[in-house]
Amino acid sequence: MDVSHLFNELNETQREAVSAGPGPLLVLAGAGSGKTRVLTHRVAWLVQALSVSPLSILAVTFTNKAANEMRGRIEQMLGYPVRGMWMGTFHGLSHRLLRTHWQEAGLKQSFDILDSDDQLRVIRRVLKDLDLDEGYWPPRQVQWFINGHKEEGRRTEHLPQQHDVQQVQMQRVYKAYEEACRRFGVVDFGELLLRAFELLQNHEPLREHYQRRFQHVLVDEFQDTNSIQYRWLNVLAEAHNNIVAVGDDDQSIYGWRGARVENILRFESDYPGTRVVRLEQNYRSTSMILNAANAVIDHNQSRLGKKLWTDGEAGEKIKLYTAFNEVDEARFVVDRAQAWVGTGQPRQSIAILYRSNAQSRVFEEILLDMGIPYRVYGGLRFFERSEIKDALAYLRLLADRESDPAFERVVNVPSRGIGNRTLDAIRGHARHSEQSLWAAGLSLCTGGGLSARATTAVTQFMQLIDELDRKSAHLSLSERTNVVIRRSGLIEHFRKEKGEKGEARIENLEELVNAAGNFNHDADEGVDELLSFLSHAALEAGEGQAEDWEDCVQLMSLHSAKGLEFPLVFLCGLEEGLFPHQRSLQEPGRLEEERRLCYVGMTRAMRSLYVTYAESRRLHGRDLYTSPSRFLREIPSELVEEVRSAVLTRPLPAMLANQSPVGSGSAAMKLGARVRHAKFGDGMVLNLEGQGGHARVQVNFERAGSKWLVLAYANLETI
DNA sequence: GGGTTAACCTTTTTT
DNA sequence: AGGTTAACCC
């Protein structure tokens, strides 16, 4: 087959990567160098030029979004849907393996997936059972401990003997947690990966089967893989070594959650004969932006070394704005964004990026004020909302009465008089007789182990579930969901909730009915549709907000911005302690990760990049006086242009008007002061700089416009 | 069992 | 500051 079309739109190094012969290939792909393009073309090339069957290709990504995008682009290129090609996230593919081989994996068929929220609940439960005080054993810390070990592939039996009381206790909790998960038949995110890995590792026939099947393994965002993900890949690729890893060490920003950049270094030694291709030509940004980003990342010691270049235009300098405070910063940004939109650019071409999500608030307020549509990324996603999880818990109980987490979640939602006393009795009985809460509840109700009132309440709850099941069993998934949210009393429950919150929850529940209707279940491995939907909900939490296609300014954290690009980018809050973040300054190595984050942020910009910082910032209800981020100093000054606010027509906040007077001779000038000039007339002080005889002041004159004047000669009169 | 107040915590996030 | 969660009282 003629495959020249695959190469037409590629440069030389990209071609080299796409058409490299079999064997290990490491593609070090700088920001904006066409990484996804290489990956998708590589797959198309395997299929069209080498006649590789899509069935024998496995492509792994980190997010569902990336996986879907890749699939779409490949199908577009090939011109037909590639069913049978395994393409998805590490978690999604692990899940698929475990569903198929649940017996070999030692799971129950209807095993449930815990998201981090559910995981925390189970941990709380375990701490309680062990009689440990949450004050001394913060559940989050326990969660971090457990996940950290799972990411490294360590189960409790692999942990070294400890003498430190703290450690011993932690290990005890980990052990009890594992035991609880086994009892409940639940699997957390880390467990999905670890267990799938162990499945392949320990079951030779299965391993050989999948090794034979997946003749070609491809990974995206390789710098983000953690230990267990790397081993997961190895076990599949070790038989044939046909593995393509694409990544960028300079964009490794997930070290804090277990990602190991070292995997990139290990790759070459683990796969002798690895061909390394560097993609260094950038197609995204102007050379000004690229040079600035290169200069910043150059301050990192541990790098594989890569220098992005572009043959595109130089473009504008990086614009630096020093704001008085976070409100001024936001005003400036929004003002410039509006000006950009005024030139006919879509709002979607603008991104406001920040280090931490808390920073979005001020921007939102001002955008709202100005009536500019915006969208904030991050935050609660659809399937993570509590009302949705309540409804899903009911559905789970329909599919599996023995699910303790689901039972706990909704026995008393809406409240039906089953309180802690009753629940404790059921829990105790369940523990002793080693059965599920459902079974324990049943036996207590018939055996008379509960008060008459409690017995009625619990019996009614169980009858409700049985009845829901019976009456909805023959219905479609969405009708079934509809019946459940109504007859369970959930809708009624939230209707009573005061305020708009309850309404929103009801809307979300209705939306869940739609989501169930839109869910297309590929009845492949004979998995029940309902169970499949529940897994889907856990694995793909859905977008943060209902997808509205209005043209919006984009607000997001630097982490969420990875992989995206925008013509105009505002990188905000470049202050020591905020970015780089305070907590990164303590731990070694973290500062370099912060710098990579800065690099990621800068390289999102295509045409225009603004960096801003505030001299004072209100954070956690306290005013901080900040100093500019070290990253700002790392940008060569010849690439930077300092800009001043052009729109200080509104009065300055009182606090600012009273501070930093530049004392020189007679008149002490203050920001925001009204002044009169013999020739220019009246105006307002916008800016002050310098000391003594060199002090200069910027005044916005009503008639003459904005001017810089040397204070000593200007003879300004304050009015 | 439900509602109200008091203490707490706050980087980044996907699965 | 703001939101969530835990203890506390009715």
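Chain letters run A, B, ... following the sequence lines, proteins first, then strands; residues in each count from 1.
Every residue two or more places apart in sequence or in another chain that forms a ring pair (Phe, Tyr, Trp, His ring centres under 6.0 Å) with A:W256 is listed here: A:Y254, A:H559. By the ring pair (Phe, Tyr, Trp, His ring centres under 6.0 Å) test, A:F62 pairs with A:F90, sequence neighbours left out. With sequence neighbours excluded, no residue satisfies salt bridge (Lys or Arg N to Asp or Glu O under 4.0 Å) with A:E540. Shown here are the salt bridge (Lys or Arg N to Asp or Glu O under 4.0 Å) partners of A:R124, two or more places apart in sequence or in another chain: A:E134. Residues satisfying the side-chain hydrogen bond (donor to acceptor under 3.5 Å, both in side chains) test with A:S560, not counting sequence neighbours, are A:S557. With sequence neighbours excluded, no residue satisfies salt bridge (Lys or Arg N to Asp or Glu O under 4.0 Å) with A:E69. With sequence neighbours excluded, the residues satisfying ring pair (Phe, Tyr, Trp, His ring centres under 6.0 Å) with A:F189 are A:H91.
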Reading 5' to 3' through nucleotides 8-15 of chain B, protein heavy-atom contacts under 4.0 Å coded B for base, S for sugar-phosphate only, - for none: --BBBBBB
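A:R453 comes within 4.0 angstrom of no nucleic acid atom, judged by non-hydrogen atoms across all strands. Looking at heavy-atom distances under 4.0 Å, A:R421 makes no contact with the nucleic acid at all. Residue A:R361 is in sugar-phosphate contact alone, with no base atom involved, counting any heavy-atom pair closer than 4.0 Å across all strands shown. Contacts of A:I418 with the nucleic acid, taken as non-hydrogen atoms under 4.0 Å apart, involve only primed sugar atoms and P, OP1 or OP2.
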Apply side-chain hydrogen bond (donor to acceptor under 3.5 Å, both in side chains) to residues A:R421 and A:S451 and explain how you reach the verdict. CA-CA 10 Å; A:R421 281 189 84 83; A:S451 71; over 6 Å; no
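When DNA chain C is scanned in the 5' to 3' direction for atoms under 4.0 Å from non-hydrogen atoms of chain A, the outermost contacting nucleotides are C:dA1 to C:dA6.
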